[in-house]
Amino acid sequence: MLFPIYLILAFLQFFAIADGLEVWFGLNGFVNTLLALFIAQMPIVGTVVGINAAVNVWNWSWLSAFLLYFGPLLITMSFAFFYSWLKKN
């Protein structure tokens, strides 16, 4: 049910990294795509590069960029907390 939402978020995160690499290093499309795929798989590095690219290249606010990467985690954690609270009561 949530797969399409996560797929859209994954594409946004990937394209943030790809656009950042293109602007910062002037890489062409193929090299840019391969490097972005590689960087996106590294949890901390991909997140930092993606957030910086969303802020500096797409002109997003820091909060919007942070929520792009950590929003799904925060929502999932809140559902898990709420569900465990309901089971106790």
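All of these numbers come straight from a predicted model, not from anything done at the bench.
- The hydrophobic cluster containing Tyr83, built from Ile/Leu/Val/Met/Phe/Trp/Tyr side-chain heavy atoms closer than 4.5 Å, comprises no other residue.
- One finds the CG atom of Leu7 at 10.0 Å from the CG atom of Leu12 (value rounded to the nearest 0.5 Å).
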Run the side-chain donor-acceptor check on residues 62-76: report pairs under 3.5 Å with partners two or more places apart or on a different chain.
from, atom 1, to, atom 2, distance (Å)
Ser64, OG, Ser61, OG, 3.0
Tyr69, OH, Gln13, O, 3.1
Thr76, OG1, Tyr6, OH, 3.1
Thr76, OG1, Pro72, O, 2.8

What side-chain donor-acceptor pairs closer than 3.5 Å can you find for residues 18-32, not counting sequence neighbours?
from, atom 1, to, atom 2, distance (Å)
Asp19, OD2, Trp58, NE1, 2.8
Asn28, OD1, Val31, N, 3.1
Asn32, ND2, Ala18, O, 3.0

Donor-acceptor pairs under 3.5 angstrom involving side-chain atoms of residues 34-47: please list them, not counting sequence neighbours.
from, atom 1, to, atom 2, distance (Å)
Thr47, OG1, Pro43, O, 2.7

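- Phe81 and Met77 end up in different hydrophobic clusters when Ile, Leu, Val, Met, Phe, Trp and Tyr side chains are linked at under 4.5 Å.
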